[in-house]
Structures are given as C-alpha cells and as structure tokens.
Amino acid sequence: MTIINDQRCGWIKDLYPRKNIKSFEGKKEDFDWIIIGAGYTGLSAARKLGELFPNQSVALVDAQLAGEGASSRNSGYLVDTTLNDGFTSNKDLENYKIKTDIYNAGINCIKKFINNYQVDCELNETGKYFASSKLEDEKILIRFSKILKKLNFENKIFYEKDLFNKLGTKFYKIGLYTKGGMLLHPGKLVRAMISALPNNVNLYENTFLIKWGKEKDKIICKFKNGKIITKKIIFATNGFLKSLGIKPHYNFPLTLTASMTRPLTNHEFENIGRPNEWGVLPVRPLGATIRFTKNKRLLIRNTAELHNPNNMSEIDLEKRIYKHKIGLSKRFPELPNNIIESSWSGIVSRTRNSSQLFECIDKNVFVAGCYNGSGIGAGTLFGEQIANRASGINTDEIELIEKRKKPTLLPPNPFLKWGINLRLKYERLRANSEI
C-alpha cells in the first residue's frame with residue numbers, strides 16, 4: 001500500500017520543506033523499541049523513551065511524513081473544555097471533571113515542551129467561543145455555563161452585538177466564551193517535536209507497516225524493504241489504529257475536511273472590524289469550526305463523514321470546498337467568494353463514549369490514541385505517559401488517565417456503519433443552519 005504525502009494542507013504549506021528524510025531500507029534490524037505513528041503521540045513517546053533510556057535504540061516509523069497526518073491537519077485548538085463529546089447534564093459531572101483534568105494536564109504538557117525547547121508555534125491564550133446562530137440554543141449554553149462554573153472554569157455568555165464586535169460577523173446570536181482554551185499553529189508545534197527527538201531515536205518516514213506479529217519474546221514488524229525486530233512496541237497511529245487491527249471493536253475513523261483563506265487585505269480586515277485572533281466551536285455537533293488566525297486568515301471545517309481515510313480525490317474535495325464557501329459566505333458576506341487558498345482532509349479517531357485508548361493490549365504491546373478531536377494536548381500527554389507505562393514507571397498523570405471511563409464496545413458491521421451514517425445524517429440535519 002502506498003500512502004500519498006498530501007501537500008494541500010494550509011498549515012503544512014506554511015512551513016519550510018524538511019530535508020534528510022529517511023525511509024527504512026534495511027533487510028533486518030534490531031531495536032529495543034519501535035513506535036508506529038509519528039504524530040503528537042508517537043513523537044512524544046519517542047522523546048520520552050530517548051530521555052529515559054539514552055543507551056537503548058528506538059525506531060519511530062510513519063507511513064507518511066512525520067507529523068503531516070492529523071497532527072498538522074487539525075484546527076489548532078488546545079482545549080480545556082468540550083461541549084459536544086457526549087456530556088450534557090449534571091449526572092455525569094464527576095466523569096466530565098476527570099476529562100477536563102486530562103485536558104488541562106495535556107495543556108500543561110504542551111506548555112512545558114514549548115518552554116523547554118523555546119518553541120514558536122504562535123500559542124495564543126485567547127480562550128474560545130461555543131457559538132450558535134440560533135437564539136434557541138441559549139438554554140444549552142446557559143446549562144453548560146453553570147456546569148463550567150461548578151468546576152471553576154471562567155466563562156461568560158455573549159449575544160449578537162458583543163459577538164459582532166469580537167468576531168467581526170453578525171452570524172452568531174449567542175455564544176459562550178471560555179477563558180482557558182488556547183490557539184496555536186499545529187504544524188509548527190509538531191515540526192518542533194521532530195527537531196527535539198533525541199539522538200538514539202531513528203525516524204523512518206514513508207515506511208508503511210505491512211504486517212506485525214509476535215514470535216516468543218520478540219515482536220516482528222514487516223515493511224516493504226525489510227523488517228524490524230524489537231522487544232516492545234507502541235502503537236500511536238490514532239485514526240489508523242483500526243486498519244492495523246488494534247482494538248478494532250473500540251475505535252473508528254472519521255474524515256474531516258477544512259479550508260483556509262489567503263490573508264485578508266487591509267481593506268477586508270477593516271470591513272470585518274479588525275478583530276483579534278479568535279476561535280469558534282459549534283454548539284450543535286457537525287456545525288462549523290471557525291478560526292481567525294494571527295495572520296488574518298479564516299479557517300473553516302464543516303464536514304465529517306465516513307470516508308476512505310487514505311484518499312480524498314480532487315472531485316471529492318471540491319464538493320467539500322463548496323460547503324466551506326457557503327459557510328464563509330453566511331458569516332462574512334462582505335468578503336469575496338474566491339479567497340480560499342488551501343483545502344485538505346484529515347482523520348480523527350472516535351470511540352463510542354468519547355473516551356481514549358491507553359493500555360497494554362498484550363505483553364510488551366501498548367497503544368495510546370482515540371482523542372475524539374482533542375488530540376493536540378491529550379495526544380502529547382498520552383504519548384509521554386504510554387512511554388512511562390511501557391517502561392514500568394507510574395506517574396500522577398497515569399493515575400489520572402486511568403480514572404477515565406474506558407472505551408465501550410462497538411456493534412459489528414454492517415450495524416456499526418449504518419449506525420454511524422444515521423447519526424451523522426441526523427446531526428447534519430440538526431446543524432444545517434450552522435454549516
């Protein structure tokens with residue numbers, strides 16, 4: 001199988017091309033460790049293992065270019081709270097607190113990395129908005145505001161006039177601002193993680209795992225040009241875990257598509273009120289995620305679907321871009337219709353109950369993933385901590401992670417596929433005005 005390095009993503013196009021990219025070419029090599037997947041989770045796990053065991057060898061393998069999968073393709077939200085993840089009432093408050101504690105541990109993990117390595121990833125502690133064009137969603141946001149206040153999250157409800165002054169659009173009628181969220185450039189962050197890999201980590205890119213298995217106390221991973229024999233393996237492929245046969249009855253991938261505009265001209269910027277950088281998440285699932293970036297670009301993501309995670313054709317992408325144009329036009333009718341500069345697809349991994357995978361699935365076989373759309377902080381945290389767990393080290397963070405609800409079993413196909421498509425269709429109808 002060949003994975004294409006899709007260069008359409010606006011975040012990736014914003015970076016200098018990397019040099020000295022190496023694929024695995026050896027007929028057979030032995031490593032103490034192998035990590036499959038070089039996104040936030042895999043890179044963080046490799047960095048931690050390299051620090052813990054400087055005299056041991058670590059192979060970090062990715063089917064594409066490192067960090068250019070979901071890690072560079074998301075909207076760049078570092079979240080402390082989420083609304084559309086199955087939580088809707090007081091009855092699950094304790095579990096929601098655990099979830100937010102995990103998110104905050106992830107934020108602290110990112111901040112520590114940024115400070116230690118002096119990373120410029122355009123981190124902005126600007127907070128975020130949950131917003132809707134329907135005033136009837138006020139009751140959802142008032143209820144959510146009360147829950148957040150119980151957990152000591154600073155937040156405030158805004159209405160149309162104030163939202164217009166802050167966002168530059170009259171589209172939204174009601175919004176809940178939460179102070180703790182952050183915005184960043186996901187491509188720059190993951191690129192810094194690649195640069196921070198210790199010397200004993202061997203990064204192999206464009207190297208697709210064909211097959212893996214265990215023979216006595218050894219793990220054998222087969223690739224096109226040879227195989228790697230190792231003692232311990234960590235799977236960190238997130239949206240591709242199911243395709244590798246890792247916990248296949250507990251996770252599934254969804255394909256999202258996004259577009260980013262060119263930078264607005266000074267005149268266009270003036271026309272929308274010269275707003276500061278901001279991020280809006282939808283109140284209704286499958287509504288549009290919108291960002292106004294530091295360099296005056298607009299980003300929109302308003303599609304989610306079951307789709308072949310390895311391929312988004314130009315024709316398929318154009319259909320999604322049409323929806324992006326509609327969404328931007330609704331919010332900013334004063335802007336031209338031809339300002340989209342880049343469009344791309346990406347994969348998120350979901351579980352039935354919006355929980356994450358973090359476990360040993362067999363002797364010396366570990367997995368971390370399924371962040372349900374909140375992978376920057378959680379993925380980085382889980383990567384570091386799965387490396388600790390695989391090394392026999394217990395931490396406060398691991399104890400926190402283990403308190404979460406575990407992912408629940410999915411129904412078998414074709415019922416799973418039918419169920420997902422029906423739910424997506426239902427949520428699209430509910431969020432039709434929010435596209």
Side-chain angles (χ1 to χ4, degrees), residues 3-19 21 37-44 62-79 106 110 113-114 117 119-126 128 181-196 205-206 238-240 254-264 277-281 288-304 309 312 317 320-321 324 327-328 339-349 371 373-380:
I3 301 293
I4 298 173
N5 292 305
D6 174 11
Q7 298 299 311
R8 293 178 290 198
C9 175
W11 299 120
I12 296 173
K13 289 165 69 174
D14 204 25
L15 305 172
Y16 289 109
R18 286 176 46 237
K19 299 179 180 179
I21 294 167
Y40 292 124
T41 302
L43 288 163
S44 299
D62 200 286
Q64 305 177 82
L65 293 175
E68 295 195 7
S71 293
S72 288
R73 293 172 177 274
N74 60 79
S75 299
Y77 287 74
L78 188 54
V79 298
I110 294 290
F113 173 77
I114 288 173
Y117 292 91
V119 176
D120 177 14
C121 61
E122 301 176 15
L123 183 70
N124 187 346
E125 300 188 44
T126 185
K128 65 185 182 304
M182 304 179 193
L183 299 173
L184 53 76
H185 190 305
K188 288 185 177 181
L189 176 61
V190 76
R191 184 66 65 85
M193 290 184 177
I194 296 170
S195 298
E205 303 172 78
N206 294 328
N238 203 30
F240 296 94
L254 283 179
T255 297
L256 313 182
T257 53
S259 286
M260 185 183 289
T261 70
R262 58 163 171 74
L264 300 188
E277 183 177 13
W278 52 260
V280 170
L281 296 170
T289 294
I290 310 285
R291 261 193 75 174
F292 185 64
T293 70
K294 181 180 179 181
N295 62 350
K296 304 176 185 176
R297 297 176 187 264
L298 285 161
L299 179 147
I300 181 169
R301 195 282 301 156
N302 63 2
T303 65
M312 175 70 75
L317 191 59
R320 280 70 178 173
I321 293 171
H324 299 161
L328 289 175
I339 59 173
I340 288 178
E341 187 173 75
S342 56
S343 302
W344 64 92
S345 64
I347 306 300
V348 296
S349 184
Y371 306 117
S374 302
I376 297 178
T380 301

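If you take CZ on Arg8 and OG on Ser343, they are separated by 8.5 Å, rounding to the nearest 0.5 Å. To the nearest 0.5 Å, the span separating CG on Leu298 from CZ on Arg291 amounts to 11.0 Å. Atom-to-atom distance recorded for Ser71:OG and Gln64:CD is 10.5 Å, nearest 0.5 angstrom. If you take OG on Ser72 and CH2 on Trp11, they are separated by 10.0 Å, rounding to the nearest 0.5 Å. Note: Cys121 SG to Ile110 CD1 = 7.5 Å, rounded to the nearest 0.5 Å. In this structure, Leu281 CG and Arg301 CZ are separated by 9.0 Å, a value rounded to the nearest 0.5 Å.
Salt-bridge annotation for Lys296 and Glu277: absent, with no side-chain N of the basic residue lying under 4.0 Å from a carboxylate O of the acidic one. Taking the charged nitrogens against the carboxylate oxygens, Glu341 and Arg297 do have a contact shorter than 4.0 Å, which makes a salt bridge.
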Could you please spell out the steps behind the side-chain contact (heavy atoms from CB on, under 4.5 Å) verdict for Glu68 and Ile12?
-> CA-CA 7 Å; Glu68 295 195 7; Ile12 296 173; 3.8 Å; yes
Residues Ile347, Leu254; criterion side-chain contact (heavy atoms from CB on, under 4.5 Å); working and verdict = CA-CA 6 Å; Ile347 306 300; Leu254 283 179; over 6 Å; no
Steps toward side-chain contact (heavy atoms from CB on, under 4.5 Å) verdict (Ile376, Tyr371) = CA-CA 9 Å; Ile376 297 178; Tyr371 306 117; over 6 Å; no
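Considering all non-hydrogen atoms of both residues, Ala66 and Glu205 come closest at N-OE1, 2.8 Å. Residues Pro186 and Asn74 share a closest heavy-atom pair of CB-OD1, 3.6 Å. In terms of heavy-atom proximity, His324 sits nearest to Ala258 at CE1-C, 3.4 Å. Met312 approaches Thr255 most closely through the heavy-atom pair CE-CG2, 3.8 Å. What you find for Val348 and Gly373 is that their closest heavy atoms are CG1-CA, 4.4 Å. In plain terms, the two heavy atoms of Ala38 and Asp62 that are nearest each other are N-OD2, 2.7 Å.
Met260 has its side chain out of reach of Ile340: every pair of non-hydrogen atoms, C-beta onward, lies at least 4.5 Å apart. For the pair Leu65 and Gln7, the minimum side-chain heavy-atom distance is below 4.5 Å. Using a 4.5 Å cut-off on side-chain heavy atoms (C-beta onward), Asn238 and Thr41 make no contact. The side-chain heavy atoms of Leu256 and Thr303, taken from C-beta on, include no pair separated by under 4.5 Å. Between Thr380 and Met193 the shortest side-chain heavy-atom distance falls below 4.5 Å. No side-chain heavy atom of Thr126 sits under 4.5 Å from any side-chain heavy atom of Met182. A heavy-atom distance below 4.5 Å is not found between the side chains of Asn124 and Lys294. Looking at Val280 and Lys128, their side chains never come closer than 4.5 Å, going by heavy atoms from C-beta outward.
Side chains of Ser75 and Thr289: a donor-acceptor N/O pair is absent below 3.5 angstrom, by distance only.
When atom types are taken as modelled, the side chain of Trp344 and the backbone of Arg73 share a donor-acceptor pair closer than 3.5 angstrom.
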